[in-house]
Amino acid sequence: MKKIILIAFVLMLFFLASNSQADAASKFIQVYRDGSQDMYVNTASIIQIKGITSFWVKSVYSAQGKAALKSEVPQKLHKTAFEYGLDYFQYDLKKNKYNIKICSLYADSKEVYREGNKKWLPLRNGTIAADVLAKVNEHLESKKD
C-alpha cells in the first residue's frame, strides 16, 4: 500500500513539475544519446530512499527509434506516430540492480501504451542503464557543491 501511495505521489509531482514551462529546460538533463533516442531525466523527480534511487526518464525517439518501437508494441499501434516515451527507473544501489517499473508511449500528448515490469536486472557497466545512473549521480554530486 505504501508503494502505491509513493508511486501516486511521484506521478503527481512529475506532472505538476512538468506543467511549468518556464523551468522545464532546467529540470531536464540529457543522460543518454544514440542514433535511436535522446534520453532526459526530470531532475525534479529524483528520489533517494533507503538505497533506492528512482526517477522519470523522457525518451525522444528518432525515425530509427520509432521504427524499432513498432516491433515492441501491439499490432494495433504499428501505425501510431509516437512523440516520446516516459519510463520510471529504479536503482537498488545496495544490490547493484535496476528495474524499469513503468514504460509509457505518447502520441498527440496522450498516453497510448503502457507496460509495467517487476523484474530487477543486474546493473552492468557499459549498458544504457549504467550510463543513465552515472549521469544522474553526476547531477546529484554537482548539486552538493
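Counting only distance, with no hydrogens or angles, the side chain of His139 and the backbone of Val41 share no donor-acceptor pair below 3.5 Å. Judged by distance alone, with hydrogens and angles left aside, the side-chain atoms of Lys27 form no donor-acceptor pair with the main-chain N or O of Ser45 at under 3.5 Å. Counting only distance, with no hydrogens or angles, the side chain of Glu83 and the backbone of Ser109 share a donor-acceptor pair below 3.5 Å.
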side-chain contact (heavy atoms from CB on, under 4.5 Å) assessment of Thr53 paired with Gln90: CA-CA 6 Å; Thr53 299; Gln90 295 180 306; over 6 Å; no

Worked verdict on Leu93 versus Leu133 for side-chain contact (heavy atoms from CB on, under 4.5 Å): CA-CA 10 Å; Leu93 303 177; Leu133 180 61; 3.7 Å; yes

Pair Tyr91-Phe55, ring pair (Phe, Tyr, Trp, His ring centres under 6.0 Å): steps then yes or no: CA-CA 9 Å; Tyr91 291 86; Phe55 46 82; 5.7 Å; yes

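In the hydrophobic cluster analysis, where Ile, Leu, Val, Met, Phe, Trp and Tyr join through side-chain heavy atoms closer than 4.5 angstrom, Leu77 is grouped together with Leu105. A continuous path of Ile, Leu, Val, Met, Phe, Trp and Tyr side chains, each step under 4.5 Å between heavy atoms, connects Val136 with Leu123, placing both in one hydrophobic cluster. Each of Val73 and Leu86 belongs to its own hydrophobic cluster when Ile, Leu, Val, Met, Phe, Trp and Tyr are linked at side-chain heavy-atom distances under 4.5 angstrom. Under the 4.5 Å side-chain heavy-atom criterion for Ile, Leu, Val, Met, Phe, Trp and Tyr, Tyr32 and Val57 are members of the same hydrophobic cluster.
Side-chain contact between Gln37 and Met39 is present, with at least one heavy-atom pair separated by less than 4.5 Å. Residues Asp131 and Val31 fail the side-chain proximity criterion, which asks for heavy atoms closer than 4.5 Å. Proximity of Glu138 to Ile29: side-chain heavy atoms (C-beta onward) are nowhere separated by under 4.5 Å. A heavy-atom distance below 4.5 Å is not found between the side chains of Lys97 and Leu121. In this structure, the side chains of Ser104 and Tyr113 stay at 4.5 Å or more apart for every pair of heavy atoms.
Note that CH2 of Trp56 and CD1 of Ile47 are 10.5 Å apart. Values are rounded to the nearest 0.5 Å. To the nearest 0.5 Å, the span separating CD1 on Ile100 from OG on Ser54 amounts to 13.0 Å. Between Asn96 atom CG and Arg124 atom CZ the span is 10.0 Å, to the nearest 0.5 Å. To the nearest 0.5 angstrom, Lys135 atom NZ is 12.0 Å from Tyr40 atom OH. To the nearest 0.5 angstrom, Asn42 atom CG is 4.0 Å from Phe28 atom CZ.
Relative orientation of the Tyr98 and Phe89 rings is parallel, given thresholds of 30° and 60° on the angle between their planes.
Between Asp87 and Cys103, the shortest heavy-atom contact is OD1-CA, 3.2 Å. Looking at every heavy atom in both residues, Ala107 comes nearest to Ala81 through CB-O, 3.4 Å. When all heavy atoms are compared, the tightest approach of Ser62 to Gly35 is OG-O, 2.7 Å. Scanning both residues, Lys119 and Asn99, for their nearest heavy atoms gives O-OD1, 3.3 Å.
Looking at residues two or more places apart in sequence or on another chain, you find no side-chain hydrogen bond (donor to acceptor under 3.5 Å, both in side chains) involving Asn117. Residues passing the side-chain hydrogen bond (donor to acceptor under 3.5 Å, both in side chains) test with Lys144 are Glu141, sequence neighbours excluded.
Under the 3.5 Å distance criterion, with hydrogens and angles disregarded, no donor-acceptor pair is assigned to the side chains of Ser36 and Gln64.
A salt bridge links Arg33 with Asp38; the closest basic N to acidic carboxylate O contact falls under 4.0 Å.
In Lys70, the NZ atom is crowded: over 12 heavy atoms of neighbouring residues, nucleotides or ligands sit closer than 6.0 Å.
Under a cutoff of 6.0 Å and an axis angle of 45°, Lys66 and Phe82 do not form a cation-pi pair.
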